[in-house]
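As structure tokens, the structure follows; a few thoughts come after it.
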Amino acid sequence: MEKIITRFPPSPTGYLHIGGARTALFNWLYARHMKGKFILRIEDTDTVRSTRESVDAIFEALEWLEIDWDEGPFFQSRRFDIYTEYIQKLLDSGFAYYCTCSPEKLEEMRKKAMEVGGKPKYDGTCREKGLGRTDNAVIRFKAPVSGTTVLEDVIKGNIVFQNEELDDFIIARSDGSPTYNFVVVVDDITMGINTVLRGDDHVMNTPKQILLYKALNSPLPTFGHLPMVLGSDRTRLSKRHGAMSVTAYRDMGYLPDAFINYLVRLGWSYGDQEFFSRDELVEKFSLENIGRSAGIFNPEKLLALNADHIKETPPDELIKYLSPFLKEKGYSFQEGPFIESVIRTLNARSKTLKDMADDAGFYFTDTVSYDEKAAKKLFKPSSFEPLRLLLDQLEALDEFKEADLENAFKAVMEKTGLKLGKIAQPVRLALTGKTASPGIFEIIEIIGKDRVLSRIKDAIGIIKDKEACS
RNA sequence: GGUCCCAUCGUCUAGUGGUUAGGACGUCGGCCUCUCACGCCGGUAACGCGGGUUCGACCCCCGCUGGGAUCACCA
């Protein structure tokens, strides 16, 4: 069977957004699943809107998503010779012609057509004039005026277009630069692309492109149009639906694997399975299970999936992703058992890596800042005795191991007659500054004897001061 | 407006000519418990409407309605 060759062709006019990421992902997954090739192509023929920053932003986003490409990036701006050559081919074979109709005249025509309720299409004024090249002439494709063009879409099925609906679209502007529908086809032909997976919004372009393939005597690729991703109000996804840029999700603490897991499941299914590792996705991805209807982007489900992936990622692997968030907070640490245990206490409690870094503060700081309300409630005279007794118990311990710690607490419970909860909460506040944290024994073990003892002493001091004041 | 596409819980979806229409997120209730989570158990909620075809349609066909896409010398 022929080797599958897919591509992702973003135009660098902004950051990589969710829809683009999903298109890239489906093409990448399909290529990887089929052991084919995935090509990156930058569609920058619009020299006015294309920027170097956008190109970099796209690379950055793909890198984060861990979507790699086998060929490219190819830049259309550097392929003009090829386009010129193909335009000439079309001119020579009579499939294209020069047109000198002015933009103003065309605009007027469009307006009129819209008023009558018809499709605003070029009327073919110059079609048979046999005009030669002049300064303001554009080049149009000579499209068939009757018959049908059918798109055999692997996702949507057959879609039939009446050729009379199509018009002689422009393939080269008056300055000689080629236009989108034309360059896409030339690129896909010359790059050997045989599978085109793209957004739904391209279906109306496809008959034009099919006609071009035929005029160029090239075999058609397999087309598949992915359903759109919409915002919560069922309209096209935009800023007001939340973050659009893919890298914004990286910065919010999402795992790339969680992000792609969500994106793929939005429009693709594998029975009832919701959670997929990257490898599993590559293994199980298929075109047949892609849905036909548009999906609404649901940030809450993405968040839940992120939590699942954080939970399932082994601590030693998670470090790589968590590190930037810890470093941003100024925490220094070395990879190893310490940070891994820290992760183990937090991974079931964190929905994002940012949450995790936020909650991990007490493991890294020298001093603890207390939640005001909690301090008022828990650092009171009745906490003095249990804290003092616990301090004695802990000081006597050589090693801070869970079993020993439990015994230490038990001893305090027996002496004071208090339940564990009554003792643990003041201790938790003393150690973390907060009323919620991982298990009391695990954090004591990780924080370590020196810091634990000093933090308990600090708390005792505060309680004493309060007593003195009152 | 023309053309094209789409239609199962609020959302993502599974599903078959005969099912108690399944799962996940959310939500509600409970259990677990040193706090918060995790986890576990349970509840909530869907086949858009109208015609056909058929012994029987959520499923097949038609229409309607609703939603989306697209109509550039942008991509």
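From a predicted model like this one, the values you see are computed outputs, not experimental measurements. Because only heavy atoms are used, hydrogens play no part in the values below, and waters and symmetry mates are left out as well, while side chains stay in. Residue numbering restarts at 1 for every chain, and letters A, B, ... go by the order of the sequence lines.
With hydrogens and angles left out, the side chain of A:Arg349 and the base of B:rC38 share no donor-acceptor pair within 3.5 Å. A donor-acceptor contact under 3.5 Å is not formed by the side chain of A:Ser437 with the base of B:rC36. Judged by distance alone, with hydrogens and angles left aside, A:Arg292 brings no side-chain donor or acceptor close enough to the base of B:rC6 to form a pair under 3.5 Å. For A:Asp44 against B:rA75, no side-chain N or O and base N or O form a donor-acceptor pair under 3.5 Å. The base of B:rG26 has none of its N or O atoms less than 3.5 Å from a complementary donor or acceptor on the side chain of A:Glu300.
Within the 4.5 Å cutoff, the side chain of A:Tyr270 has no heavy atoms near those of the A:Ser286 side chain. Side-chain contact between A:Asn306 and A:Thr352 is present, with heavy atoms from C-beta onward closer than 4.5 Å.
Of the nucleotides present, none pairs with B:rA14 by Watson-Crick or G-U wobble criteria with both distances under 3.5 Å. Pairing partner, B:rA21: none, since no Watson-Crick or wobble contact has both distances short of 3.5 Å. The pairing partner recorded for B:rU27 is B:rG43, the criterion being a Watson-Crick or G-U wobble arrangement whose two distances lie under 3.5 angstrom. The base-pairing partner of B:rC9, taking Watson-Crick or G-U wobble contacts with both distances under 3.5 Å, does not exist among the strands shown. Pairing for B:rA72 is absent, with no Watson-Crick or G-U wobble pair whose two atom distances lie under 3.5 Å. Nucleotide B:rC60: paired with B:rG52 (Watson-Crick or G-U wobble, both distances less than 3.5 Å). Nucleotide B:rC36 has no partner under the Watson-Crick or G-U criteria, as no pair reaches both atom distances under 3.5 Å.
Using a 4.0 Å heavy-atom criterion, one finds that A:Phe441 contacts the bases of the nucleic acid, with or without backbone contacts as well. At a threshold of 4.0 angstrom between heavy atoms, the contacts of A:Glu274 include nucleobase atoms, whether or not backbone atoms are also involved. At the heavy-atom level, A:Pro438 lies under 4.0 Å from base atoms of the strands shown. When heavy atoms are screened at a 4.0 angstrom cut-off, A:Gly291 is found touching no nucleic acid atom at all. Among the protein residues, A:Thr435 comes within range of the nucleic acid bases, having at least one heavy atom under 4.0 Å from a base atom. Among the heavy atoms of the strands lying under 4.0 Å from A:Ile440 is at least one base atom, whether or not backbone atoms are also near. Within 4.0 Å of A:Ser174, counting heavy atoms only, lies at least one base atom of the nucleic acid. Backbone-only contact: A:Arg236 has heavy atoms under 4.0 Å from sugar-phosphate atoms and none from a base.
The gap from the C1' atom of B:rA21 to that of B:rA57 amounts to 13 Å, rounded to the nearest Å. Comparing the same atom, C1', in B:rG50 and in B:rU65 gives a spacing of 10 Å after rounding to whole Å. One C1' atom belongs to B:rC47, the other to B:rG39, and the distance between them is 33 Å to the nearest Å. Taking atom C1' on both B:rU20 and B:rC9, the two are 16 Å apart, rounded to the nearest angstrom. Taking atom P in both B:rC5 and B:rG63, the straight-line distance is 12 Å, to the nearest Å. Here the separation of B:rU3 from B:rG22, taken at their C1' atoms, is 38 Å to the nearest Å. The gap from the C1' atom of B:rC32 to that of B:rC38 amounts to 11 Å, rounded to the nearest Å. Distance check on atom P: B:rG48 versus B:rC58 gives 10 Å, rounded to whole Å.
For residues 400-428 of chain A, every residue pair satisfying the ring pair (Phe, Tyr, Trp, His ring centres under 6.0 Å) rule, not counting sequence neighbours, is listed here: A:Phe409-A:Phe441.
Remark: A:Arg78 is not positioned above the aromatic ring of A:Phe80, lacking an NZ or CZ atom under 6.0 angstrom from the ring centre and at most 45 degrees off the axis.
Salt-bridge annotation for A:Asp308 and A:Lys311: present, with a side-chain N of the basic residue lying under 4.0 Å from a carboxylate O of the acidic one. A salt bridge does not link A:Asp371 to A:Lys434: none of the charged nitrogens lies less than 4.0 Å from a carboxylate oxygen.
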Under 3.5 Å, which protein N or O atoms sit close to an N or O of nucleotides 19-22 of chain B? Give each pair with its distance.
unit_1, atom_1, unit_2, atom_2, d
B:rG22, N2, A:Asp272, OD1, 2.7

N/O to N/O distances under 3.5 Å, protein versus nucleotides 65-67 of chain B:
none

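Of the residues near RNA chain B, A:Gly295 and A:Val203, the one whose nearest nucleotide (by heavy atom distance) lies more toward the 5' end is A:Val203. Taking for each of A:Arg428 and A:Arg140 the nucleotide of RNA chain B with the nearest heavy atom, the 5'-most of the two is the partner of A:Arg428.
Remark: A:Thr45 is in phosphate contact with B:rA75, judged by side-chain N or O atoms under 4.0 Å from OP1 or OP2. Phosphate proximity of B:rC73 to A:Thr179: absent, as no side-chain N or O sits under 4.0 Å from OP1 or OP2. Remark: A:Lys311 is in phosphate contact with B:rG39, judged by side-chain N or O atoms under 4.0 Å from OP1 or OP2.
Nucleotide B:rC25 carries an anti base; the chi torsion (O4'-C1'-N9-C4 or O4'-C1'-N1-C2) is more than 90° from 0.
If you measure from atom OH of A:Tyr180 to atom P of B:rC71, you get 11 Å, rounded to the nearest angstrom.
The nucleotide whose nearest atom lies closest to any side-chain atom of A:Asn298 is, among B:rA75, B:rC73, B:rG10, B:rG10.
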